[in-house]
Amino acid sequence: MKEAISEVSSLSHARQEELLRTLDPALAEDIERPRDHFRSLPALEKADGGVVMRFAPNPSGPLHLGHARAALLNDAYVRRYGGKYILRIEDTDPKRIDPTAYTMVREDAEWLGLAISDIVYQSDRLDIYYAYAQKLIERGGGYVCTCDPERFRELKMAKKPCPCRETSLEESLDAFSRMLEGLYGEGEATLRVRTDLSHPDPAMRDFPAIRILKSPPHPRKEACVYPLMNFSVAVDDHLLGITHVIRGKDHIANTRRQKYIFDYFGWEPPVYRHYGRMGIEGVILSTSQMRAGINSGEYSGWDDIRLGTLRAIARRGIFPQAVREAVIEIGIGETDISFSWENLYAHNRAVVDPVANRYFFVPDPVEVTIEGAPSQTAHALLHPAHPEKGTRDLHFTGKALVPRNEIREESGMVRLKDLFNVEIRAGGQSPVCRYAGESLSEARARKAPIIQWLPPEECVPATLLTPGETIKGACERLVAGEAGAVVQFERIGFARIDSVGDEGITAYFAHR
RNA sequence: GCUGCUAUAGUGUAGUCCGGCCAAUCAUGCCGGCCUUUCACGCCGGCGACUGGGGUUCGAAUCCCCAUAGCAGCACCA
């Protein structure tokens, strides 16, 4: 037996399969094919008949890269299995609502290209939550607690019940009505879900479901009794027919809590997947911290290019498709990861390179006279791979703007791209530049750098903004027609033309 | 403190469930070369990882135990 095994083992997989096919073709069909791993997400259980999923941000600010992961992952599964995708605005905490965020979230979701089929506002559903809260009490699953929160916490940690836990069903129902009538002050009464006080995880013990909030007022509704997310989410997930939930692992405990509610009502919970925490190099994702920075004037707004908001990266010329690919590549692993800009840029480069027109941008320009050079016109291609897009024509008439850092003692020969060769002798204040022929092959042979340049009378002042620095320079006039588009400044990198004004062009650097 | 999750190159990821051509995949990054009137794109080559220690086994990235590290939760936030 052993010999037989080692004999088979010594054969190659291909050979083994071949032999098996001759012995038992049916069995051979069962051989597991190596999964073609083109970045496909793992399959979801119970999803073959279609899914109903949701993206559930709270409207405290615009969407950022962290939201994009949740939104796009769920979106990818809805597209894969078919079904519905619900955008659920979780606005049950007036303290954390920025009224302008309602629009920003919708704009950002649209930018991402989410396949949203419905939008639901939780603030429209308060009566539903109240009704289910009553049912929960009737089923013995909840009680109104009027203890001091601090006191309750102590009891909970000691695995001891608070006095309210023993109140009768009727009393709890009455107390809950009084909550709704506004007879309690803020924090004076809370509906708790009855769980298991001896549960080893303190996070599970009689967690709160509904609380009273007198201020600030809700921007959309008049109310002072609001559900906590664990309650509203459980009720909504059931009522909206959510089948699968993909969310961050910070919700693992919430999932367990929500299961108590599902159990009390006899509902079947969705299938959950929790992905790991995602940090982003050099960027804060906390909405409150970003807001603080905006208020203090550190950032110019939600679309300040140093921020990780979607509007900020859009402004820099990152396309939603690149974000989608980067996020899908990351997947739903439970490991904590750090999101790398390099990976995002690589995806964006693939999106943008084939379509971005090429232009010259000369940073820190210095004007030089090129002695002995004939006037002539350079016909530079808008895109090297698409000659049919045409050319930008630059007329040379004796002078050129070139990047200051190309003029050095040791410069020697450089070639002005699409024009001719120039011999530079730096030394002192005024560099001397002399025409050195048209020969491209000579420039090659002498390893002359091929640099960008501009006719001084045909250029526009331009500012290139990167997250770290502001580069002043000049660019071709034609760039003015690219407002809103992403172009490639040759030898510099891709940039989005943000605005074209009297004082010149402003562009945001995307990446190399 | 209590509870839970995770651990593969600089980064992301495949493989882990069901141990075996895994001297570990793919991408990105970096380095070198080729191509090229851009330092872009494309092509070729190279660099670089199974957290540590025990155990089980003929055989462990894969199973078990311990340790370590990171993360999350224990909010009248979501």
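In what follows, every heavy atom counts, from backbone to side chain, and hydrogens, waters and symmetry copies are set aside. Chain A is the first sequence line, chain B the second, and so forth, proteins listed ahead of strands; every chain is numbered from 1.
Side chains of A:N343 and A:E329: no donor on one and acceptor on the other come within 3.5 Å. Looking at A:D206 and A:Y143, their side chains do bring a donor and an acceptor atom within 3.5 Å of each other. For A:N357 and A:E482, the side-chain atoms include at least one donor-acceptor pair closer than 3.5 Å. Side-chain N/O atoms of A:D91 and A:S123 include a donor and acceptor closer than 3.5 Å. The closest side-chain donor-acceptor pair between A:D196 and A:H199, if any, does not fall under 3.5 angstrom.
Put simply, A:R512 has no side-chain N or O that comes within less than 4.0 Å of OP1 or OP2 on B:U28. Of the side-chain N and O atoms in A:K156, one or more sit less than 4.0 angstrom from OP1 or OP2 of B:A75.
Applying the side chain to side chain contact (heavy atoms under 4.5 Å, CB included) test to A:A175 and every residue at least two apart in sequence or in another chain returns A:V144, A:R178, A:Y184. Shown here are the side chain to side chain contact (heavy atoms under 4.5 Å, CB included) partners of A:R324, two or more places apart in sequence or in another chain: A:L72, A:D75, A:R79, A:Q321, A:I328. Taking the side chain to side chain contact (heavy atoms under 4.5 Å, CB included) definition, one finds that A:V355 meets it with nothing, sequence neighbours left out. With sequence neighbours left out, the salt bridge (Lys or Arg N to Asp or Glu O under 4.0 Å) criterion links A:D237 to A:R54, A:R88. For the side-chain hydrogen bond (donor to acceptor under 3.5 Å, both in side chains) test, no residue two or more places apart in sequence or in another chain qualifies with A:Y226. Applying the side chain to side chain contact (heavy atoms under 4.5 Å, CB included) test to A:I128 and every residue at least two apart in sequence or in another chain returns A:R125, A:Y132, A:V235, A:L239.
Annotation: proximity of residues 195-207 of chain A to RNA chain B (heavy atom, distance under 4.0 Å) is found for A:P200, A:D201, A:P202, A:A203, numbered in ascending order. Near RNA chain B, meaning a heavy atom under 4.0 Å away, the residues from residues 92-100 of chain A are A:T92, A:D93, A:R96.
A 4.5 Å side-chain heavy-atom check between A:K160 and A:E154 finds every atom pair outside the cut-off. Side-chain contact between A:L63 and A:V105 is present, with heavy atoms from C-beta onward closer than 4.5 Å. Side-chain contact check for A:R165 versus A:L197: some heavy-atom pair is nearer than 4.5 Å. Looking at A:L454 and A:E476, their side chains come closer than 4.5 Å, going by heavy atoms from C-beta outward. In this structure, A:L73 and A:I332 have side chains that are in contact, with non-hydrogen atoms separated by less than 4.5 Å.
Residue A:R257 contributes atom CZ, which lies 12 Å from atom P of B:C77 at whole-angstrom precision. The distance between atom OH of A:Y345 and atom P of B:G10, rounded to the nearest whole Å, is 21 Å. Remark: C1' of B:C41 and NE2 of A:H386 are 10 Å apart, rounded to the nearest angstrom. A:Q122 places its CD atom 14 Å from the P atom of B:C77, with the value rounded to the nearest Å. As rounded to whole Å, 17 Å separates atom P of B:U11 from atom NE2 of A:H347. We find that NE2 of A:H274 is positioned 11 Å from C1' of B:G73, with the value rounded to whole Å. When the P atom of B:A75 is taken as reference, atom CG of A:D148 falls 13 Å away, rounded to whole Å. What separates CZ of A:R392 from C1' of B:U37 is a distance of 11 Å, to the nearest Å.
Taking the C1' atom of each, B:U16 and B:A7 are spaced 12 Å apart, rounded to whole Å. Here the separation of B:U6 from B:A67, taken at their C1' atoms, is 16 Å to the nearest Å. Taking atom C1' on both B:A23 and B:G48, the two are 15 Å apart, rounded to the nearest angstrom. Taking atom P in both B:C66 and B:G4, one finds a spacing of 13 Å when rounded to whole Å. Distance noted for atom C1' between B:G29 and B:A49: 15 Å (whole Å). The same atom, C1', is picked in B:U8 and in B:A60; the two are 14 Å apart, to the nearest Å. Between B:U36 and B:G42, the distance separating the two C1' atoms is 10 Å to the nearest Å. The separation of B:G10 from B:G52, taken at their P atoms, amounts to 13 Å, rounded to a whole angstrom.
Counting only residues at least two apart or on different chains, the salt bridge (charged side-chain N to carboxylate O under 4.0 Å, His left out) pairs with a member in residues 182-194 of chain A are A:K95-A:E186.
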Review item, nucleotides 29-36 of chain B N/O atoms under 3.5 Å of protein N/O:
{"residue": "B:G29", "atom": "OP1", "partner": "A:R349", "partner atom": "NH1", "Å": "3.1"}

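Distance from the side chain of A:R153 is smallest to B:A75 among B:A75, B:A40, B:C77. Distances were taken from every side-chain heavy atom of A:D353 (C-beta onward) to each of B:A75, B:C41, B:U37; the shortest belongs to B:C41.
The residue A:G276 sits apart from the nucleic acid: no heavy atom pair falls under 4.0 Å. At a threshold of 4.0 angstrom between heavy atoms, the contacts of A:N230 with the nucleic acid are absent. If you check every strand for non-hydrogen atoms under 4.0 Å, A:P384 touches a base. Here A:R358 lies in heavy-atom contact (under 4.0 Å) with a base. Looking at heavy-atom distances under 4.0 Å, A:L440 makes contact with a base. A:Q488 comes within 4.0 angstrom of a nucleotide base, judged by non-hydrogen atoms across all strands. Backbone-only engagement by A:F494 is indicated by non-hydrogen atom pairs under 4.0 Å involving sugar-phosphate atoms exclusively. Contacts of A:S338 with the nucleic acid, taken as non-hydrogen atoms under 4.0 Å apart, involve only primed sugar atoms and P, OP1 or OP2.
Both A:D418 and A:P227 sit near RNA chain B, but only A:D418 has its closest nucleotide nearer the 5' end. Along RNA chain B, the nucleotide nearest to A:A189 and the one nearest to A:F489 differ in position, and the one closer to the 5' end is contacted by A:F489.
By the 6.0 Å and 45° rule, A:R69 does not stack over the aromatic ring of A:F339.
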>> Base contacts versus sugar-phosphate-only contacts with protein, heavy atoms under 4.0 Å: please encode nucleotides 62-72 of chain B as B, S and - from 5' to 3'.
In response: --------BBS

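Scanning RNA chain B for stems, defined as runs of 3 or more consecutive Watson-Crick or G-U wobble pairs whose donor-acceptor distances all fall under 3.5 Å, gives the following ranges: B:1-7 with B:68-74, B:10-12 with B:26-28, B:29-34 with B:42-47, B:51-55 with B:63-67.
Contact of A:E281 with B:U11 (side chain to base): no donor-acceptor pair of N or O atoms is detected under 3.5 Å.
Across A:F494, A:F509, A:F489, A:W453, a single residue satisfies ring-ring contact (aromatic ring centres under 6.0 Å, His included) together with A:F361, and that is A:F489.
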